[in-house]
*Asks:* 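Quick one: structure below, then a few questions.
When a ligand or atom number is given, it counts from 1 through the structure's own listing order. Atoms considered below: every heavy atom in the structure, side chains included; atoms not considered: hydrogens, waters and symmetry mates. Just so you know, residue 1 is the first one in the sequence shown, and it goes up from there. This structure is a prediction, so every number in the text was calculated from the model and none was measured.
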Amino acid sequence: MTMHVPELFGSMVFNDAVMKERLPKDVYKTLKKTSEEGLHLQLDVANVVAAAMKDWAIEKGATHFTHWFQPMTGVTAEKHDSFISPEPGGRVIMEFSGKELVKGEPDASSFPSGGLRATFEARGYTAWDPTSYAFIKDDTLCIPTAFCSYSGEALDKKTPLLRSMQALDKQAVRVLRLFGNTEVKRVITTVGPEQEYFLIDSSVYEKRPDLIYTGRTLFGAQPPKGQELEDHYFGTIKPRVSAYMKELDEELWKLGILAKTKHNEVAPAQHELAPVFSTTNIATDHNQLTMEMMKTVAGRHGMTCLLHEKPFAGVNGSGKHNNWSISTDSGANLLEPGATPSQNAQFLLFLTAVIKAVDDYQELLRLSVASAGNDHRLGANEAPPAIISVFLGDELTDVIDSIEKGVDYHDKEKKLMSIGATVLPHIPQDTTDRNRTSPFAFTGNKFEFRSLGSTASISGPNVILNTIVAESLSQFADVLEKADDFDAALDQLLREEITKHKRIIFNGNGYGAEWLEEAKKRGLSNLRSTVDALPVYVQDKTVELFGKHGVYTKTELEARYEIMLENYYKVLNIEAMTMISMTKKDIMGAALEYQHGLSDAINAKKSACPSAASLVEEKLLTRAADLTASMLERLERLEKDVDLGAEKETALETARYYRDVVFEDMNALREVIDELEVVIPGKIWPYPTYGEMLYSVK
Ligand code: ADP
Ligand code: MG
């Protein structure tokens, strides 16, 4: 069957074209205006939209609707209601009202609220975000919504994102007006998130309780072949994986998701999908849906999709590259180095705003990618280090240097060119390997934030990016709005800001040990673990920033801090409990069975020939017995230390304890078990090996 992609694309989305076709003209216009200007939707308009949406959804086979939202768990939530409404005579009709469209009232008490629940009512409400289209998934009409407490505190990941986009919009428009742009109505940020994942056969997945409960393997000796031959990256895609990718593309296209690029990644069984970029809000919704679809479609192909940051030790883990830029409502990319000097000046201002933002708020950016899972990657020579720096490339670094020194960058003899007259070089799209180690790289007309973990919602990092850049722009606008001579003021401002913030620019190898030293000399922050990074949430500087731009209140920040700390140690606790259970239930048994077999063999041989010299079996038995004794000792230590963890007073203390004590115990236990795995015959070993998992998809 041939597929008509243009017809398929967005076929399950109540998008602009469908609205235009199905809504009365005036209703359509009002709705557009509402969503463009962020106004509240009147109930009479909502009623008409809801009716049209319902008819459309029913034609597509939907029976239910749901307010689809993104609580602070980082995954999406939905509660399905059917359209049915009873009629006299035992019949039903299909109903969906404007009220049901714009507002839902799920019980908020079972979602993490980080103390917001205690302060506010248990009830929460969901409100339609008309900037993100409704869609049909699994015969259910899904309405993207924000999730708040009754007093308006954000309980989700969408609300702060929308607020941060508004903050950046406001400040960027101020700046553009200064450049004489009277047309621009709105400035938005755009994101294209590249998503990495692993695929393994479900038969091996189901035999690994650690994958089932924690998403990563807690044991596993290294296979004879890992990623050392570098033969998987961009390698030929296996037929089974190819069939999966095709179906995934189709499902995503139906949902209006611009799935574009797919390829094999560095590690065996690892792959990547990248969409065409879109507005940050939509990109975030779509990335959540993409992750969900990756799992669903894998199931149909007898495979399991692993989205954890580090499913397997010893081979690369998975991340997400957040390609980010700023654009006007007419689609002009503000991070595109322009063709004329006046555009260049504007570009240089936005570029400097980003550099300043990253330097001023390094720790917030670091925090935005912190999680127990991502701790396995950052700084482990496969992902950027926990130190945040900016890669600009040689051309732009030269430009920045010359601005700082006040010379034209083409001709360093000629003194004091004004920024408005600087001619920028063409910045080539970075397709080389040279900056793969940078956490935050300029790639021609956008920045690529590379430190994100593969599982996390991209909302958090983008809330922070948008807000810190809004802050730089607001400071710049404050200065420039007061200036009598704009060009001179701009010159001076950029020169000062570049001098102040150039320490954050680093074009070298971010994985090298020398960078650690150098970064320290430059005074850059290095928050190595999640637990180190989390307290940044509640620092005065953070509270002030988010308060000023109306993105998070202090209470909302405190809530997020609590939730993240709890999440951190709960994840480690689940891992520890899983390890304990697997060791006790299966691994210990296998070790003892192996030893019984050996002693039986020894006894048989000895009784047949009492004078036999030292037997091979005896050596093996001694080795296995030593390892088993050591395993038991380490298991008991882990059990004891997990129990002690319950006695810690605060969430921060508990999190620190889990990082410093429980995590170390787990590593120690793993070490001896991985040695045992090598010693014990495959027939007895209770779990699929790394080799069997990583090469399970033929
Ligand atoms: P690669 O990184 O493989 O060289 P690209 O640089 O073209 O590929 O794009 C990587 C990702 O960046 C894609 O998801 C793409 O849509 C996205 N991207 C491109 N331009 C922008 C932009 N202006 N804003 C946000 N994302 C963008
Ligand atoms: Mg890329």
*Asks:* Taking the six-membered ring for Trp, are the ring centroids of Phe449 and Phe440 within less than 6.0 Å of each other?
*Replies:*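 Yes, close enough.
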*Asks:* Hey, is ligand 1 close enough to Lys446 that some N/O pair sits below 3.5 Å?
*Replies:*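 Yes: some nitrogen or oxygen of Lys446 is under 3.5 Å from one in ligand 1.
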*Asks:* Of the choices Ala283, Pro193, Ala274, Pro275, which has the non-hydrogen atom that lies closest to atom 15 (C) of ligand 1?
*Replies:*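 Answer by nearest heavy atom: Pro275.
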*Asks:* Looking only at the aromatic ring of each residue, does the gap between the centers of Phe277 and Trp324 stay below 6.0 angstrom?
*Replies:*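 Trp324 vs Phe277: aromatic centres not under 6.0 Å.
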*Asks:* Counting each atom of ligand 1 from 1 as listed, which ones have a heavy atom of Gly192 under 4.0 Å away?
*Replies:*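 Result: 14 (O), 25 (C), 26 (N).
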*Asks:* Hey, can you tell me if Phe69 and Phe147 have their rings parallel, tilted or perpendicular (30° and 60° cut-offs)?
*Replies:*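 Rings of Phe69 and Phe147: tilted, 30 to 60°.
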*Asks:* May I ask you to list the atoms of ligand 1 that are less than 4.0 angstrom from any heavy atom of Glu194?
*Replies:*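 Those atoms are 2 (O), 10 (C).
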*Asks:* Nearest 0.5 Å please: distance from the CG atom of Leu289 over to the CZ atom of Phe135.
*Replies:*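 One gets 4.5 Å once the value is rounded to the nearest 0.5 Å.
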*Asks:* Could you say whether the N/O atoms of Trp324 and ligand 1 ever approach to under 3.5 Å?
*Replies:*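 Min N/O separation from ligand 1 is not below 3.5 Å for Trp324.
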*Asks:* Looking at the rings of Trp515 and Phe506, which for Trp means the six-membered one, are their centres under 6.0 Å apart?
*Replies:*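 Yes; Phe506 has its ring centre under 6.0 Å from that of Trp515.
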*Asks:* Hey, which atoms in ligand 1 end up nearer than 4.0 Å to a heavy atom of Val276?
*Replies:*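 Near Val276, meaning under 4.0 Å from one of its heavy atoms, ligand 1 has 16 (O).
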*Asks:* Is Asn333 near ligand 1, meaning one of its heavy atoms is under 4.0 Å from it?
*Replies:*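 Per 4.0 Å heavy-atom rule, Asn333 contacts ligand 1.
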*Asks:* For Val187, is there any backbone N or O sitting under 3.5 Å from a side-chain donor or acceptor partner on Asp169?
*Replies:*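 Checking the backbone N and O of Val187 against the side chain of Asp169, a donor-acceptor pair under 3.5 Å is found.
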